[in-house]
Amino acid sequence: MIAPKYAEVIVEVKSASVDRPFHYEVPALLADRVHVGTRVLVPFGPRRVEGYIVGFSETTDAPDKTKPLAEVLDDEPPLTPDLVKLAGWLSERYLCTKAAAVQALLPSGMRAKATTFLRIKTDPPDVYLPGSWESELLQELYQSPNKTKEQLVSEHTEWRPLIRAWVEKGFLEELHGVKHGIQAKTMAFLFTPLTSADLQTALDELSNRAKKQKELLSYLFDAGEALMMKDVFAVTGASSATLKPLLDKGYVVKEEREVNRDPYGIQHAEKSQPLPLTPTQENAYQTIKTAVDSGAPQTILLQGVTGSGKTEVYLQAIASCVEQDRQAIMLVPEIALTPQMVEQFKKRFGDEVAVLHSRLSTGEKYDEWRRIRHGEVNIVVGARSAIFAPFDSLGLMIIDEEHETSYKQDDHPKYLAREVAMYRARQHRATVVLGSATPALETRWWAHQGIVQRIEMPERVRGQKLPKVRVIDMRDELQSGNRSMFANALKQGIEERLERGEQVILFLNRRGFATFVLCRSCGYVARCRDCEIPLTYHKARGLESLRCHYCGFAERLPETCPDCKGDHVRHFGTGTQRVEEELGKVFPEAKVIRMDVDTTSGKDAHATLLSRFRKGEAQILLGTQMIAKGLDFPKVTLVGVISAETSLYLPDFRAAERTFQLLTQVAGRAGRHELPGEVIVQTYNPQHYAIQFAKHQEYEKFFDHEVRHRYTLNNPPFFELTAFTSVNEDEMKALHIARTLEDRLRRSLDGRDDVIILGTSPAPLARLQGKYRFNVVLKYKKFKGVSAPIREAYQSLQGEAQKLGGYLTIDVNAQMIL
DNA sequence: AGCACGCCGACT
DNA sequence: GTCGGCGTGCTC
């Protein structure tokens, strides 16, 4: 191959102004080491930065400026050409720089930094006054010759010009180096070089009192290979004190070797065998297999109730895909909460599976990623970002519980795993399977439209009955004089469980913000006239008001209920702590484990708390929706939802959908074992369709109702939403940016009937970390038709926002407006 | 994003 | 007179 003249490089600089390829000459020496996707170090202005090659060309429009590539960072390009294209698509779809897209694709920490060492070539001829910069710099250079230039400059910015001058004058020399973010991990290994005859003499020579040493030596000899030191110590009970004399005598050799970090430990478990499929499962399996084998990109919605045996269908479909030498990705919402799923995959596929998720250390992630890139595994199980697994021949991507909000990335680029999967499916002619008992409304709508193929799995594999769901009307409770947060039925239910030694789970479905206003007498909830979104309670300067977080509408807090004229209008926003206090009062004898963001911040906090509950250390588990997924405890016979309202009246048009999904999930999971389960849902709105349909697990009816609602309000799936958030410590500045953005969008999109602009309004999280936040929301039918104006307005105002000391973010296809 | 260059107020 | 504040503009 004739070496191309120029490499087109995207530099790792997060600024829209440099988000385009720069041309670099390819030195002959590096020609056979550069490919599309190769990471390189390039001179960029006065410094060196990391970059990625996205292409090659024979010409450049800036021939007088081109410089050569400085360094090639890896021998195998981390990005395949497919992934380079995917990064390009990500940056266009979610409006981020290509550099940011590439970072989202690669395991965190896989970054190299340019380093520069300064060496004194000739001492500067002048003698400098003590205390002058010159003498200080000279002293520092002599004292710490290993400090990098970057370190020196960050400690003493004022030295920068001096260093530059001395380099120019030839007093100093710059030596370039690279610091890699992640190193391959090494571990100490032990082995014995002794032959069998040597061993005997050695054992004889050792003192009879040196029992541990002899054991250690024999153990190593019997092993016949190098063993990891920590394992040897663990098995033989030896320590470094035992080892030391053996090393000194040369009986044992210690060596550092590279190892793959194995986050799940060595798996000895026997492989599980495929289970026989029910006719329903068989049908689902065949449909997926046909799609994969067809070699045409397709999306399938696998709509199966909890317990319908979706996992076994996934396992067998993946097995079939892998047999054809194509690879598969399995996404799960929160891997820390679904260890069973990982276990099942490990058992079925053994070493063929890599596991990727956010709780792995940087090094562990890197190792798993490398196993994938090198083709050592064909299957990946992981959370959201695993959708970027660097496979080169994808056949199948499965997204389990596809409706879960965790599939939307919460920082830039704010991608939706489902969309990424569908893009990759087009690239690889692969199949996407979206699995859920309660699909996202959009997904179900696409199935209705025929864009997505739908398979139903309506019955449970073992035909268990769903638990009884009781909906308690809290208005009646209030009328009969019960002012506490527990209905009498729930109180009684908990008492019974405590007496019988069974367990209770209580949900407080709260997201930690957004106080809504409700009449405790009649259940009236204050809503926006235009958006129908529940209004949010605000208190400023003693004035109580209600505001819409979508369109900005505001009114005074009514003193009496507009509906029933009663005076029980209250704002709601109970936290788990308050419920815990209340539980302590009502059931002083019960032990309670509380799980929410505050108690689960540690690395294994989730697992620890859940296992303590499983062991019976507490009778009541109280938590937010995060516990809904771990819900599989044999002794739990009662699940209580403290207030369905808290999710029903989030200032979010998806609130009804979320409530329906959560209640269905709770009901579907409770009482899976011998003991019959009961679910109690407390609410002031028992007649609400989300609650009524969830009570009987009627997804289709819910869908039918909700989709009409969405249609009349121009919400997804009929319009897509993109949200901008302007953030600034200064309220006026934040508001100004938001207003200007709104203005510019209106001007460029004026008169279009496929676009709706919801004006500047305070964000649901109106103040976060002392900063004010304002939203502008854009609704449109097709992204293609608005992407250019959006990009223009966003990029120019992003710069403005920064000048004012704040920032502007964008969330394309926002799933939740915060 | 950095980093350099360039034009205005308080000081070795 | 200089030093060093941060506004503007460029990076193959």
Side-chain angles (χ1 to χ4, degrees), chain A residues 3-27 30-31 34 36 38-73 91 95-104 111-116 118 128-137 148-169 174 176 179 181 411-413 733 794-810:
Chain A
K5 194 137 195 236
Y6 299 109
E8 296 169 341
V9 175
I10 298 289
V11 290
E12 271 291 338
V13 176
K14 291 182 214 130
S15 167
S17 55
V18 289
D19 188 31
R20 61 196 157 86
F22 286 81
H23 291 90
Y24 288 87
E25 291 155 29
V26 180
L30 298 179
V34 296
V36 167
T38 300
R39 280 189 319 162
V40 289
L41 221 51
V42 293
F44 196 63
R47 62 210 165 110
R48 294 174 135 209
V49 297
E50 191 192 346
Y52 298 85
I53 297 180
V54 294
F56 295 98
S57 66
E58 290 303 319
T59 57
T60 170
D61 41 11
D64 46 336
K65 290 185 190 164
T66 55
K67 301 173 184 173
L69 297 171
E71 216 157 324
V72 172
L73 291 173
S91 73
L95 279 97
C96 64
T97 61
K98 288 177 198 74
V102 161
Q103 271 181 45
R111 302 193 56 187
K113 257 215 194 124
T115 56
T116 315
L118 295 169
Y128 299 104
L129 284 174
S132 65
W133 291 346
E134 285 87 350
S135 75
E136 275 179 11
L137 172 59
T148 64
K149 181 181 163 189
E150 291 78 13
Q151 279 173 303
L152 287 175
V153 168
S154 78
E155 286 162 24
H156 299 275
T157 358
E158 70 277 8
W159 291 356
R160 195 197 298 276
L162 185 59
I163 292 173
R164 196 154 45 95
W166 281 9
V167 170
E168 262 167 41
K169 288 183 189 155
E174 291 192 321
H176 295 292
K179 198 176 150 226
D411 43 55
H412 273 133
K733 288 177 180 166
Y794 171 59
Q795 281 177 356
S796 65
L797 277 162
Q798 200 179 31
E800 304 265 318
Q802 276 163 13
K803 274 183 206 153
L804 295 181
Y807 56 92
L808 181 69
T809 64
I810 184 169

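The figures that follow rest on heavy atoms only: side chains count, while hydrogens, waters and symmetry mates do not. A, B, ... follow the sequence lines: proteins, then strands. Residue 1 opens every chain.
- The minimum heavy-atom distance between A:A101 and A:P413, with the atom names listed, is CA-CG, 4.5 Å.
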Show each protein N/O and nucleotides 1-6 of chain B N/O combination with a separation under 3.5 Å, one pair to a line.
from	atom 1	to	atom 2	distance (Å)
B:dA1	O5'	A:K14	O	3.4
B:dA1	N7	A:S15	OG	3.4
B:dA1	N6	A:S17	OG	3.3
B:dA1	N3	A:R47	NH2	3.3
B:dC3	OP2	A:R160	NH2	3.4
B:dC3	O5'	A:R160	NH1	3.4
B:dA4	OP2	A:R160	NE	3.4

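- When DNA chain C is scanned in the 5' to 3' direction for atoms under 4.0 Å from non-hydrogen atoms of chain A, the outermost contacting nucleotides are C:dG4 to C:dC12.
- Nearest heavy-atom pair across A:F56 and A:E8 is N-OE1, 4.0 Å.
- Heavy atoms of A:P43 sit under 4.0 angstrom from primed sugar atoms or phosphate atoms, though from no base atom.
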Donor-acceptor contacts under 3.5 Å from residues 19-26 of chain A side chains, at least two apart:
from	atom 1	to	atom 2	distance (Å)
A:D19	OD1	A:K98	N	2.8
A:D19	OD2	A:K98	N	3.4
A:H23	ND1	A:T60	OG1	3.4
A:Y24	OH	A:P43	O	2.7
A:E25	OE2	A:T66	OG1	2.9

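- Minimum heavy-atom separation, A:V49 to A:F44: CG2-CB, 3.6 Å.
- Expressed to the nearest 0.5 Å, how far CD of A:E71 lies from CZ of A:R48 amounts to 6.0 Å.
- Considering every non-hydrogen atom in both A:A99 and A:E12, the closest pair reads O-OE2, 3.8 Å.
- Here the closest heavy-atom approach between residue A:V167 and residue A:L118 is recorded as CG2-CD2, 4.5 Å.
- Nearest heavy atoms, A:E58 versus A:Y6: O-CE1, 3.6 Å.
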